[in-house]
Amino acid sequence: MFTDTPSIPGPALRGYLRVISRFPERGVRAVQEIDDLLAAGLFSSEVADEVNLMPRVRPVEGKSVEECLSIARDHIRAALRNPQNHAGQVPQMEWEWEDAFPSLGELMGGYFHQDFPHEYSSHREAIDDYLQGMPDEDLHRALLEIPELLAMAESDEDLTRAVRALGMGVRPPNGVSLRQWLLDVAHIIRRHLGGRPVGDGDR
């Protein structure tokens, strides 16, 4: 159900506004798509295929779907004019973390999931598998995302929540904090990309 009002965006839309503070081009595209949809009309054959792909939503009582879409569009426009109102805010929904850090999602969800103990004997073995299985371009993106994640999730609680949302189902190595382990992972990726051998002491 739409929960947005003209003055206050609902929880889901607030999450989207946080995302477009990082990726404004998405907000620009969303505004254009809503404008096109409203101009054509929800029941127009011109947009029938697009409407059929949209999730079924229920407007708040007393409002039409068109009115709710207009309200959401206005909030997006306002956020594009003043991105600082949402920039740097800690994500509150799991999908926000996944959207903001897709490369880390591949690492966490693909190699450190709940079945990790059945597939790898150590965190290092999983990281080596990751390094061998991913193209350099993806490794570079993951390397950029790690400091961004650490800066955004300032508290240990937020960081734990973030990596869980990204698919991590295991703890870091014994005696190593999650934050330090992520720094260690960045160090290993950086050395791998630089072509230098990683020492046995690296986790």
Side-chain angles (χ1 to χ4, degrees), residues 1-5 8-34 37 49-60 65 68-116 126 130 134 137-172 178-179 181-182 185-186:
M1 175 183 288
F2 282 103
T3 58
D4 314 311
T5 69
I8 301 176
L13 183 55
R14 285 200 298 272
Y16 183 71
L17 299 181
R18 286 189 288 268
V19 168
I20 65 171
S21 71
R22 291 167 52 88
F23 307 107
E25 67 280 0
R26 298 186 189 180
V28 173
R29 186 167 60 249
V31 167
Q32 184 60 59
E33 290 174 352
I34 294 174
L37 187 62
D49 291 340
E50 288 80 1
V51 171
N52 286 335
L53 292 175
M54 293 173 61
R56 294 293 180 262
V57 295
R58 290 187 296 123
V60 295
V65 173
C68 292
L69 287 173
S70 296
I71 290 172
R73 177 197 57 194
D74 292 344
H75 282 300
I76 296 171
R77 282 177 172 165
L80 291 172
R81 288 194 299 268
N82 299 286
Q84 69 278 3
N85 292 342
H86 304 279
Q89 294 182 2
V90 177
Q92 299 300 311
M93 300 182 179
E94 287 190 3
W95 66 264
E96 290 183 71
W97 293 109
E98 297 169 357
D99 197 88
F101 303 102
S103 295
L104 287 182
E106 291 181 2
L107 170 59
M108 301 302 173
Y111 297 85
F112 294 98
H113 44 70
Q114 291 183 339
D115 291 332
F116 163 85
Y130 168 73
M134 301 298 291
E137 181 180 356
D138 291 346
L139 297 179
H140 277 290
R141 283 199 294 263
L143 188 58
L144 292 174
E145 288 180 7
I146 289 175
E148 292 180 5
L149 173 64
L150 295 176
M152 183 175 291
E154 294 183 346
S155 72
D156 291 343
E157 180 181 357
D158 284 338
L159 186 57
T160 298
R161 187 159 54 88
V163 297
R164 286 177 179 170
L166 292 170
M168 187 168 181
V170 296
R171 296 177 180 274
L178 177 58
R179 193 170 297 272
W181 178 69
L182 286 169
V185 170

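Numbering starts at 1 and runs along the sequence shown.
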Could you pull out the closest heavy-atom pair between [X] and [Y], with the gap in Å?
| X | Y | answer |
| --- | --- | --- |
| Leu150 | Leu182 | CD2-CD1, 3.8 Å |
| Leu13 | Pro9 | CD2-CB, 3.8 Å |
| Gly27 | Ile20 | N-CG2, 3.6 Å |

key: Other residues, nucleotides, ligands: >12 heavy atoms within 6.0 Å of Gln114 CD   =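 No - once you tally the heavy atoms of other residues, nucleotides and ligands closer than 6.0 Å, there are 12 at most.
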message = side-chain contact (heavy atoms from CB on, under 4.5 Å) for Arg164 and Thr160? Distances and angles first, verdict last.
response = CA-CA 6 Å; Arg164 286 177 179 170; Thr160 298; 3.6 Å; yes
Please tabulate, for the side chains in residues 79-89, all donor-acceptor contacts under 3.5 angstrom to protein atoms that are two or more places apart in sequence or on a different chain.
| residue | atom | partner | partner atom | Å |
| --- | --- | --- | --- | --- |
| Gln89 | NE2 | Asn85 | O | 2.7 |

key: Under 3.5 Å donor-acceptor, Arg73 side chain and Glu33 backbone   = no
Interatomic spacing from [atom1] in [X] to [atom2] in [Y] - rounded to 0.5 Å:
| X | Y | atom1 | atom2 | answer |
| --- | --- | --- | --- | --- |
| Ile71 | Ile34 | CD1 | CD1 | 11.5 Å |
| Met168 | Leu104 | CE | CG | 11.0 Å |
| Arg14 | Asp4 | CZ | CG | 9.0 Å |
| Met108 | Tyr130 | CE | OH | 9.0 Å |
| Thr3 | Ile8 | OG1 | CD1 | 10.5 Å |
| Leu139 | Leu144 | CG | CG | 11.0 Å |

Any residue meeting side chain to side chain donor-acceptor pair (under 3.5 Å) with Arg77, in chain and number order, not counting sequence neighbours =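 Side chain to side chain donor-acceptor pair (under 3.5 Å) list for Arg77, sorted by chain: Asp35.
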Check ion pair Glu106-Arg141 (N to O, under 4.0 angstrom) = no
query = Are Arg161 and Glu157 within salt-bridge range, i.e. N to O under 4.0 Å?
reply =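 Between Glu157 and Arg161 there is no salt bridge, as every charged N stays at least 4.0 Å from the carboxylate O atoms.
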Identify all side-chain donor-acceptor contacts of residues 90-102 below 3.5 Å with residues at least two apart in sequence or on another chain.
| residue | atom | partner | partner atom | Å |
| --- | --- | --- | --- | --- |
| Gln92 | NE2 | Val90 | O | 2.9 |
| Glu96 | OE1 | Arg18 | NE | 2.8 |
| Glu96 | OE2 | Arg18 | NH2 | 2.8 |
| Glu96 | OE2 | Gln92 | N | 3.0 |
| Glu96 | OE2 | Met93 | N | 3.1 |
| Asp99 | OD1 | Arg26 | NH1 | 3.0 |
| Asp99 | OD2 | Arg26 | NH1 | 2.3 |

query = Under a 4.5 Å cut-off applied to non-hydrogen side-chain atoms, are Leu159 and Leu149 in contact?
reply = yes
